[in-house]
Every structure is written in C-alpha cells, then in structure tokens.
Visitor: 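Got a structure here, written out as structure tokens. Questions coming.
Order of the sequence lines fixes the chain letters, A, B, ..., with proteins taken first and strands second; residue numbering starts at 1 for each chain.
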There are 2 protein chains.
Amino acid sequence: MSRQRAKDSATSPENASPRGARPSRGTVTLSDVAKLAGVSAMTVSRVLNRPETVAAETVETVRKAIARTGYVPNLLAGGLATTRTKLVAAIVPTISGSIFAACIQSLTDRLEIAGYQMLLGLSGYPAAREEGLINAILSRRPDALFLTGTSHSAQSRRRLRGAKIPIVETWDLSTRPIDMAVGFSHARVGRDTAQFLFDKGYRRFAVIGAEDERAKIRWRSYLATLTELGVTDVASITTPAPTNLWMGRDGLGKLLGEGFTQGAIFCSSDALAHGVLLEAQARGLSVPGDIAVVGFGDLDFAAFTVPALTTVRIDRFAVGRLAAELILARLAGERVAEKTIDVGFQIIEREST
Amino acid sequence: MSRQRAKDSATSPENASPRGARPSRGTVTLSDVAKLAGVSAMTVSRVLNRPETVAAETVETVRKAIARTGYVPNLLAGGLATTRTKLVAAIVPTISGSIFAACIQSLTDRLEIAGYQMLLGLSGYPAAREEGLINAILSRRPDALFLTGTSHSAQSRRRLRGAKIPIVETWDLSTRPIDMAVGFSHARVGRDTAQFLFDKGYRRFAVIGAEDERAKIRWRSYLATLTELGVTDVASITTPAPTNLWMGRDGLGKLLGEGFTQGAIFCSSDALAHGVLLEAQARGLSVPGDIAVVGFGDLDFAAFTVPALTTVRIDRFAVGRLAAELILARLAGERVAEKTIDVGFQIIEREST
DNA sequence: CCTCCGCATGTTAGCGTTAACATTGCCTGC
DNA sequence: GCAGGCAATGTTAACGCTAACATGCGGAGG
C-alpha cells in the first residue's frame, strides 16, 4: 500500500486528518456489500452488470448482501468510470402544449425499456435558453441527445459536434442535420395546404401564424405558394409562440378588422384554429360558408370541434419512437444507414373547409 | 510522486501499461485548462464555482483558457465529489395527457432558474414501473424528488426515506406524506361534486370512473356521499387509465344500455366528459336536459365544448410551482414550516349541468 | 503426471472533480 | 520591525465505481 493513510501518517498528531480527508458519508457502497458477502468489490460490480460471468452461488450470496444492506448503486461513479451514463437528454421548447409531450412520452417509453433515463430540458420559445441548456446538459455526459429543430447557434453546433454522441434533431428537415434527423418538411406543409385550399376553390386567403421557427417556414411557404398561384393580397396576422385559443379568437378579430370577411385561413396550430372557430361562431359567421379554417397538429380535440377541424396531422408519437430507435441503434454500435427519416404529414379534411 | 506511473515502472517492459491503466479519453479536463492558463486545477474549479474567491486577473486568464479549449465540465465527477448533483427527478404516470405536463412544465421552469436540471421518469398506469424507476433514479443521486401520488410500495418508501433528500409527493393529500406534499383532497372533490349535483336538484346519478388510484378515491367518495344523501342505485362504469374521449362515448353507451337515460354523470376526467357530451349529441340526448355532465381537470377545451363543460378545476401549474418552491427552500437549507400544501379545487359551473 | 487452457475472482489504478487543509506573499497595526 | 491576519493559490486524497490486467484453480489432453 503506497498511498499515505491517516493511520501511518507519523508526522501529524494522532487525531489530525491528512490533507484531502473527508468525513465518511455513511452511505452504503459497493465495498460495504462486498465485505458483507465476503467477496471483492469487483465481484459485486460484476453481479450487478454481468452476472453471467460470476458463479451462480456467488451471485446468490451477493444478491442477498445487496438486499440486506439496501445498497443503491451510484451511477455518477459508474458513469465516471465507464463514460457511459445510460442517460439520454431531450430538449424541447415546452411540454405543456401536448405536441411535444406526446413525442417525449414515446421517446421515454422506448428508452426506458432499454434501460435509459431521460434528462429533460425546456428551452422556451424562442429557444432563448437553448445554448445554456445544451451546456448544462452536456455537463452530465448523456449518451445521446434529442433536439427540437435544426437551427442552433454556431457555438451550440460546435459543442454538440464535440460531444461525439448520437444526436437526433427532430420536427424539421430543412437544415442539414448535425447527425441524424426525424421530421418532415414544414415548407411542404405550407405549400400543400395552400394548394389544397386553392384546389377546393378558395380564392381569398389569410394566415394566422406563430412567430416560431418552424411555424414561420410553414406560413411563408404557404404565402409563397399562393403568390405562385397568382393570389396577391393575403391577409396575415402573427402571434407569439406558444399559441393558444385566445390568440386565435383575437386573430380572427383582427382579420375581420382588416376587412377579411370571407375566405380560407391557415392557422399555425390547432389551438389557434379552434379559437378562430369559436370567434366565428360568436360573430355569427358560418364555417366553412363564410370562412374556412385549417389548423396544424391534429390534436385530440380537432376532430370534435364544431364544425370539425380540417388540419395537418403529424404522427408525433412516431417522431419520438423513431428517434429512440435511431439512438438505440447507434448506442448498440450499429451503423445507421438512413440518418434522416421523413415521417411526412397528412392533410385531414373535415368540416371546416 | 508516490503513485506508480507507467514511466517509472521498471519491472515491466517499456510499453506495457501497469494494472488499471486505461487509454486516454481525449476529452478536455480541468487540468488541461489549468495547464493552458498556467494555474492549478483547483483554481480553475474555483473560477467556475466561486469566482469571487479568485483574483479578477486570474479569472480572466482562466476564462479565456476555458473558451479556447472548449472545456465542458463533467458533472458526474463534480457530483461524485460533492454529493450535490443539481438534479431533481420527477416521476409522473404519463406526460402526454397534458395534466401532468403542465405540472412538469412549471416545475422545470422554476428549477431551471435555480440551476437545476430535470430527470424525468414515466411510471405508467398503474404505477407498474414505479419501483424499478425509483431505484434507477436514486442511482443518479438526485438532490430532490417529485412524485405523483402518495401510495408507494413499502420497499419504495424505505428506499425513498433512505435517500435522505427532499421529496414532494403531489396531487394527493390522503396518505401521510414521506416528507412534503402538494395537492388536494380527492375525497373532498367527490363529496363536493355529489353535493353540488344534489343541490342543483338532480336525483338520479351515474359515474364513469377511471381505475386510477386517485380517480378511485374521487368517485368512491362521490358514491359514499350520495348514499349518505339517501340516493341508492347509482349506475357506475369503470374504465382503465389513462382515459380518453372514446372511453367516454363508450361509457355513455353502456350507461344507456343499463337504462340510465336521465340524470347527472360524474366523469373522472374532462376527456371522458367530452366523450359523453359527443355521444349524447350523437344520440339526440339533450345536455343538461336529459343528462348532466361534470368532468375533472378543467383542461383548455372544457370551456369550449358544446355545451360548455362543468368541471373541477385544479391549478396544475401551481402544483409544479409550489413543489419547486418547497424543494428549493429545502435545498437552500431553509426549514419548511408547512410541509403540506393544499392547492384546493373549484367546481366550475358551465352549461352541462 | 505434467502442461495448458479457461473460468472465477482478485488487485491496482484511474475516471474528473472538489473538500480540506497548506503555503505563500503582502499588508496592517503597534 | 515584526507578529498576525487575510487573500490568493496550491497540494493531497477522496468521492464510488470499473477497465485491464493478474492470479489461482480444476480439469482436459497428451
């Protein structure tokens, strides 16, 4: 034993503790279990991590000792030693709006099966806290990362690359991903919606759009497509993100104020669209007679508004699930051929158009 | 230098590494930064954690070195050394149903300000995975814990107590909490709802109740209160949790099948209640003429169903926020006088009753 | 009967950080 | 002019675990 210990420190008085000495913490550790089981700490570690390498009898003894001591492993220490933390971090703007909640749910469910835990970061709208959050999260050395959107600061991108872990960027495919991506084309959503409404015969258009990165891509593409189709003079209202029903009511009020009393309105979210429906009802406008409404998201209530809402459906559970699969495949050492998955979208036609 | 290093190991051939030696990891560490800045690792650590104890000039130099190296601290190592991880874990049954999402949102938002990160565990319905989850989560040595419900297995309670960290149990106040609690009385919700409907003059009653721990307390208390009020023969339907709209439609169908064509129905959730409203409409029943409906949760859509839903409102953001405050107070070393907070509830009377 | 192999277990050192002291130099006060 | 104190920085060991080797032992093969 070459290290100096308190007991063989002859130069200091009996009770003085050596440099670096700390009070005992009183928590049960591997070696406590080992002592009780009459084996080495390493054997206990093996019982926990690769029991098949330990004799059945020994496993039994050790398991009993673990139970008796109430030992709870310390994954900080384990992670430090192995550089594998069994942690996956996810950053989403917000979780209370249910659109990302579904995603996180399926992601977490899948990862939990594989023994991974979820570190959750909420970056807010706009992703103001993202940079700091990425830093804080990388400090915990997660094994993989789930991000929302593909636009990050240069600094963030550098850090993310430097982390050398699987990274899935979701919801968007417009920028070249850092590593992997699961999402769909927001530009195509805008274009297809415009075309859909045009094909249905509408000739007057409006948009109530959130000032969110991805929402912007959608309604700008919608506007651009309408221009291509020869439609000029599209009324547009913007609202901050996250959106809610009241912003929708308010939005329709503003549109009416601008003289938009007839035509089709593309809303950035189902919540906005729902607000528009209610405001229309309150004002005695007929839907889709006077105005037609398209939402985005196909949240649970969309099928049950009155009239039922035409909207764009995204399989948000699939986003989480597929992201989990990509991550797990990579963590299992497999090479992922398709690093970008387009989950697509569907325009669900109901009564509001 | 008393420790044996590869270079002074004379007994082994030139290139053989000693026992325990590992390949270098190539990540930037504190001492890399220290070397570049020409100070000791400890000084760098101080710059990061308590810069006020370091000379301004040194801070400057070190900060530059940190930036130049792209150093990302390792909180696993830090946490191991300090036993403080700046991690708070939360376990909720599910997050996609928006009721707990709101809670987690406000909790995370508040904790993030204080520099804590969120470790999220989803235990499912019924809390099947709770025990394993608690174990996995405690392995990460969180500084505090946020739990849903107050009923945990004996094993779990022991482990939780043993963790010696602040624990907030939420949504329920019916059992004696392990440590702290933020919630309300589900029994009182059931009782007050029954009384409310009785006072409104209804004399025939039904319930569509989820088989969830807390929901059960509500509808059992509702049934018990009705019995006290002299009402016998209450029709009751149970559904698995988590509930959805379709279960509500189905539930009303079953009630009608049992001959319940008139009276008041207490539903375990707004989703169920919404389903009931839609099924009633589909079947040409008038609400509240034929049947009256009360939901639970006051989710965003509740005010906008047709007819608008009478329901029980819980301030779910408050649950998260108050839990965060309790946790932060305790982590700041303050003694918390009120360890149990009743956030109460409100019966919101709308058109469906 | 000896060698060799492979299984079960042990030993050592290191993962990257920080607590707890130690040290150094400078300034204050008498 | 010197003790004493404080401010800034350094040194050591420890946190609890596991990778990478080392060791010991029993049995198969010659």
Visitor: Hey, are A:Lys164 and A:Asp179 close enough for a salt bridge, meaning a charged N less than 4.0 Å from a carboxylate O?
Guide: no
Visitor: Using whole Å, report how far CG of A:Asp32 lies from C1' of D:dC15.
Guide: 13 Å
Visitor: Kindly say if A:Thr43 contacts the phosphate of C:dG10, meaning a side-chain N or O under 4.0 Å from OP1 or OP2.
Guide: yes
Visitor: Quick one about A:Glu131 and A:Ser153 (side-chain donor to acceptor, distance below 3.5 Å, no hydrogens or angles considered), yes or no?
Guide: yes
Visitor: Rounded to the Å, how far apart are B:Arg141 CZ and D:dC17 C1'?
Guide: 11 Å
Visitor: Rounding to a whole Å, what distance do you find between B:Arg50:CZ and D:dT9:C1'?
Guide: 13 Å
Visitor: Separation of A:Met42 atom CE from D:dA19 atom C1', in whole Å?
Guide: 7 Å
Visitor: Nearest whole Å is fine: how far is D:dT18 C1' from A:Leu76 CG?
Guide: 15 Å
Visitor: Using the side-chain heavy atoms of A:Ala55, tell me which of these nucleotides is nearest: D:dT18, C:dA8, D:dG16.
Guide: C:dA8
Visitor: Counting only side-chain nitrogens and oxygens, does A:Thr82 get under 4.0 Å of the OP1 or OP2 atom of D:dC17?
Guide: no
Visitor: Answer yes or no: side-chain N or O of A:Arg46 and base N or O of C:dG10 forming a donor-acceptor pair under 3.5 Å.
Guide: yes
Visitor: When you check the phosphate oxygens OP1 and OP2 of C:dT9, does a side-chain N or O of A:Thr53 lie under 4.0 Å from one of them?
Guide: no
Visitor: For A:Thr43 and A:Ser40, what are the C-alpha separation, side-chain angles and deciding distance, and is it a side-chain hydrogen bond (donor to acceptor under 3.5 Å, both in side chains)?
Guide: CA-CA 5 Å; A:Thr43 299; A:Ser40 73; 3.3 Å; yes
Visitor: Can you tell me if the side-chain N/O atoms of B:Asn74 get under 4.0 Å from OP1 or OP2 in C:dC15?
Guide: no
Visitor: For the pair B:Leu119 and A:Met118, evaluate side-chain contact (heavy atoms from CB on, under 4.5 Å) and give the outcome as yes or no after the intermediate values.
Guide: CA-CA 6 Å; B:Leu119 186 64; A:Met118 169 62 53; 5.8 Å; no
Visitor: Respond yes when some side-chain nitrogen or oxygen of A:Ser40 is under 4.0 Å from OP1 or OP2 of C:dG10, and no when none is.
Guide: yes
Visitor: Whole angstroms only, please: what is the CG-P distance between A:Leu80 and D:dA19?
Guide: 12 Å
Visitor: Can you check side-chain hydrogen bond (donor to acceptor under 3.5 Å, both in side chains) on B:Thr69 and B:Asp32, steps first, answer last?
Guide: CA-CA 8 Å; B:Thr69 52; B:Asp32 293 328; over 6 Å; no
Visitor: For A:Glu52 and C:dA8, give me the distance from atom CD to atom C1', rounded to whole Å.
Guide: 13 Å
Visitor: Calculate the interatomic distance between B:Leu75 atom CG and C:dT17 atom P; express it in whole Å.
Guide: 9 Å
Visitor: Kindly say if A:Arg84 contacts the phosphate of D:dA19, meaning a side-chain N or O under 4.0 Å from OP1 or OP2.
Guide: yes
Visitor: May I ask you to say what B:Thr58 touches in the nucleic acid, namely base, sugar-phosphate or nothing, with a heavy-atom cut-off under 4.0 Å?
Guide: sugar-phosphate
